[in-house]
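One structure is given here, and the rest of the page talks about it.
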Amino acid sequence: MALLEVDNLSIGYQTRNGTFQAVDGVSFSLESGRSLGFVGESGCGKTTLGLALMGLLPPNGRIRQGSIRFEGEELVGLPEDRMRTIRWRKIAMVFQAAMNALNPVHRVADQVAEAIFTHEPALSREEVNTRVEGLFQLVGVPKDRMRDYPHQYSGGMKQRAVIAMALACRPRLIIADEPTTALDVIVQDQILEETKNLQQQFGISIIFISHDISIVADVCHDIGIMYAGQIVEYGAREEVFETPVHPYTRALLASYPTLNGTISRLKPIPGETPNLISPPPGCRFCDRCPGAGKTCVTARPSWVEISPRHKALCHSCS
Amino acid sequence: MEPRRFIFRRLIQIFVIFFVILTVLFLLFRLAPGDPISRMIDPDMTTEDAERLREQLGLDEPLWVQYVYYVRNFFTGEFGTSFHYGQPVVKIIWDRLPNTVLLFTSSIILSAFVGVFLGKIASWHKGGKIDSVLTIGALVTHTVFLPWLALILIWVFAYKLAWFPITGMVSEEVWLDPEAGIVAKALDVFHHMALPLCTLFLIHFGAYLLIMRSSMLETLKEDYILTARAKGLEERVIRNRHAAPNAALPVVTSIGLSLAFSINGGALTETVFTWPGIGRELVFSVSHNDYPLAQASFLLIAIVVLLSNLVVDVLYAYLDPRIRY
Amino acid sequence: MERDGHKNKTRSPQLERFLEGWSIFVQNPLGKIGLTLLVCFGLMAACSFIPPLLDPMYDPMTGVDPLITRSVGPSSAHWLGTDFMGRDILSQLLAGARVAFMVGVSAAVMSILLGCAIGMFAGYMGRVVDTLLMRTADMIMVMPTLLVVLILSSLFGQLNIWTIVLIIALFRWPGVSRVIRAQTLSLKQRPFIEAAKVAGASHMRIIFMHIMPNVLPLAFLYMTFRVTSAIIIEAALAFLGFGDPGTVSWGMMLQWVWKTGHMFRAPYWLLPPGLCISLITLSFYMLGRAMDEVLDPRLRKEAEAE
């Protein structure tokens, strides 16, 4: 049984002008110990998806249909106090540290310890302290900086602390939302390297959310490309990168410098994402797609299996 | 910045500001229309006493020498003699100072705590009935005219219901009774303090409530609140431990900014309740042309405001680690 | 705002913005209540001229009912009763509304213009001028205005109402000047100021022609809070017996109730003036908060400290 199974999940935000379809019919599954990356431009629904897995949608957000099964338990509609015991204990989250993810008035070590105290109240103060020390050592923050406040940390240290916090209760799954954005490239590399090591060491599953396809390529076993609330291409990393089929994935790959340094021109993708309050009836990418035909505009595309580990949502890739 | 250096710098600033106030007051008292000497020397004094005082103040010397004398007299605690009481001014104001500090600090602390607490509750129930009641209540009590509120409280609770004494700070039968212990005396003071404290409390807590409420609503949108939620903390813990300490910081700032306003209110309250404090002494001395007393009371009030500002700054630095280190 | 997409061509963008703000403003319950109350007080002030015309005994200051020599309760001749000398309380109350508006609005306008001028000057000049002006502002900010006016009135004798207004304005500018200074600092960096400099405009011309039109609307956001504090200070001063003896204000009426010992005996006299001061303060305050919410919620904190 897969650790996490998401089936046909749709999430809408209530706005003044109608319901904003942030996530529309998303399905995927994640095995224990594997990592999955979601890539897409901002507003494609990837962050909403992450929040929904934690049951942390903002007040105007609602799961309209679909299911999220974690270790066989249905998370959609789960009572809040049961959900609270799953958060962090089972599913933890790594936020972007540059976004103020640490509370400025509490010491960093206390914020990490708080997570442990909350979920394992039976532990003594000493046991918790020992574990916190171990975590800081693991992510490479010097022991004498533990008692500092967040503003005394550099960006990289904050990010490490946030990762230490996510590991505090030894969760089964970690959702990392843009964990390296706003860090400089060297620190970014170190953090990614450490994340990979930690994942292998503890067998934790990771869902990695990023707008940067090169980062996801570096870390994840599987990749889902998201566009306008839908997954448009999904598959094993190697296959998606080597034989991208969806025009959006191709455009996305072309708009980033390649990893191996071959000369290629950066191509911006022309056009804008569709209005998700009243989405178009056909393919959502058809306005910007160079090869769009008549059916693309009128009919919803369906999944096309390219290989057992690679599929795409497109009319013209079959 | 290191806390000690921070306080030291603020102390120097305060000293400079105070010196400017001291100087402006000197110039006002010497240069205002009318005879400056009559403002310094009690018309009812004997000629010899008057002569001695003239010498002490250097009134026959040029202005700048008078200024030197004036500053010296200030730092040696020579404020002259009150026209009305016939006692040294310094003795009178030292007498009054603890009374003012007692009423002022207890009212600020009480209203800040209650304001923060109720503001938190209002923000929990944003848009609900409790929120509307608290917000409107805060707006109304914050804008009610203080002396009028004081008079109404006296009329209802001291006159009609006779729960509290109408004026003063102590009752003679308790304080002159040799049997009365310290507890009885303290209770007597609290009994007198109830209404003035209530007046100041009602005027102040509303502003703190409104600031806390909006600051709390802002804070709840912060990313670290999302982190706290993701950590699986209970809503109560999130609000009390993660949101409230951050949200209370603007309240502390506003206490500092509104100190001058609070002192005005304190003086009015003391006057209506005849609470023997410095504010009332200032009002009284101004209406009785008791210039030495008026000048000294004003300076003392300025010192109280400046030092309270320092206390607020230190408190802020204590609450916000970003300033402390 | 993206909603401005299809704009009526005959309307200027300023008018459009104003209308949009206005529609948000009137939807705001605070704004609605505040405005309604203010209209009532405006009517009171307008009506204050009527009673003295009906009969000289209704003159708020000098009119005395020849049949009454002490404070009596409401009657058909005196709807709200009379004060200790037999003067009509309703006429005094109406006159008080006029004085409150006069004091509040003129002190507020003066302090805002002063604060604006000082803020622009400090921000534009920078360096020593800036430091000096802003330190002065800090200093004035910590002074309790009421007590300062008290000391001044002890030195200069009875102050008349305009002197009081002037002093209040002189002590109420620092809050405005800080905001205007910050705004000026950011405006100074804009290209159009640079362009004006290159074109050889004088400092004064730049300040008044280019900076002032951009900061003045912001300054008037502070207006309502200034009005509130000016009315309160004048009322408190009059209550303590240092008001203008030639003007009937609500604070003065309370002072009469209090000093003549009628506070326990004449609720018809004690209640109206205090209620009026409180309500007019409340309505200006509500108006200010509503305006804040419409224009710029970030400005709320500083103004509330008043």
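Every chain is numbered from 1, with letters handed out A, B, ... down the list of sequences. As the structure is a computational prediction, the values presented were derived from the model and not from experiment.
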Notebook entry, point to check: Is there a donor-acceptor contact under 3.5 Å from the side chain of Trp148(B) to the main chain of Leu270(C)?
Noted result: yes
Which bit of [X] is near chain C, if near means a heavy-atom gap under 4.5 Å: side chain, backbone, both or neither?
X	answer
Ala267(B)	side chain
Val305(B)	side chain
Leu149(B)	neither
Ile136(B)	neither
Val272(B)	both
Tyr291(B)	side chain
Ile14(B)	neither
Ile255(B)	neither

Next item on the list: Could you tell me which portion of Leu152(C) (side chain, backbone, both or neither) has an atom closer than 4.5 angstrom to a non-hydrogen atom of chain B?
Entry: side chain
Item checked: Residue part contacting chain B, namely of Leu30(C), when any heavy atom lies under 4.5 Å -> side chain
Beyond-backbone contact of [X] with [Y], side-chain heavy atoms, under 4.5 angstrom:
X	Y	result
Thr136(C)	Val20(B)	no
His142(B)	Leu282(C)	no
Arg135(C)	Ile17(B)	no
Ile263(B)	Leu147(C)	yes
Ser278(C)	Thr143(B)	no
Phe261(B)	Leu146(C)	no
Val286(B)	Leu240(C)	no

Rounded to the nearest 0.5 Å, how far apart are [atom1] of [X] and [atom2] of [Y]?
X	Y	atom1	atom2	answer
Ser154(C)	His288(B)	OG	NE2	13.0 Å
Leu237(C)	Asn264(B)	CG	CG	10.0 Å
Leu282(B)	Leu150(C)	CG	CG	5.5 Å
Phe239(C)	Leu146(B)	CZ	CG	9.0 Å

Write down the atom of [X], the atom of [Y], and the distance for their closest heavy-atom approach.
X	Y	answer
Val283(B)	Phe242(C)	O-CZ, 4.0 Å
Pro267(C)	Trp155(B)	CB-CH2, 3.5 Å
Pro144(C)	Ala260(B)	CB-O, 3.5 Å

Chain C interface, residue from [options] that has the most non-hydrogen pairs under 4.5 Å:
options	result
Gly256(B), Ser287(B), Ser262(B)	Ser287(B)
Leu28(B), Thr253(B), Ile152(B), Leu25(B)	Leu28(B)
Ala302(B), Ser285(B), Pro147(B)	Pro147(B)

Item checked: Pairs flagged by ring-ring contact (aromatic ring centres under 6.0 Å, His included) wherever residues 154-173 of chain C is involved - sequence neighbours left out -> none
Next item on the list: Can you sort out the partners of Glu281(B) under salt bridge (Lys or Arg N to Asp or Glu O under 4.0 Å), two or more places apart, ordered by chain and number?
Entry: Arg96(B)
Check: Considering heavy atoms only, which positions within residues 245-265 of chain C lie below 4.5 Å of chain B?
Finding: Leu254(C), Trp258(C), Met263(C), Phe264(C)
Notebook entry, point to check: Taking only residues two or more places apart in sequence or in another chain, which ones pass ring pair (Phe, Tyr, Trp, His ring centres under 6.0 Å) with Phe145(B)?
Noted result: none
Margin query: For Leu139(B) and Arg289(C): C-alpha separation, side-chain torsions, deciding distance, then whether side-chain contact (heavy atoms from CB on, under 4.5 Å) applies.
Written below: CA-CA 10 Å; Leu139(B) 275 171; Arg289(C) 276 183 73 95; 3.9 Å; yes
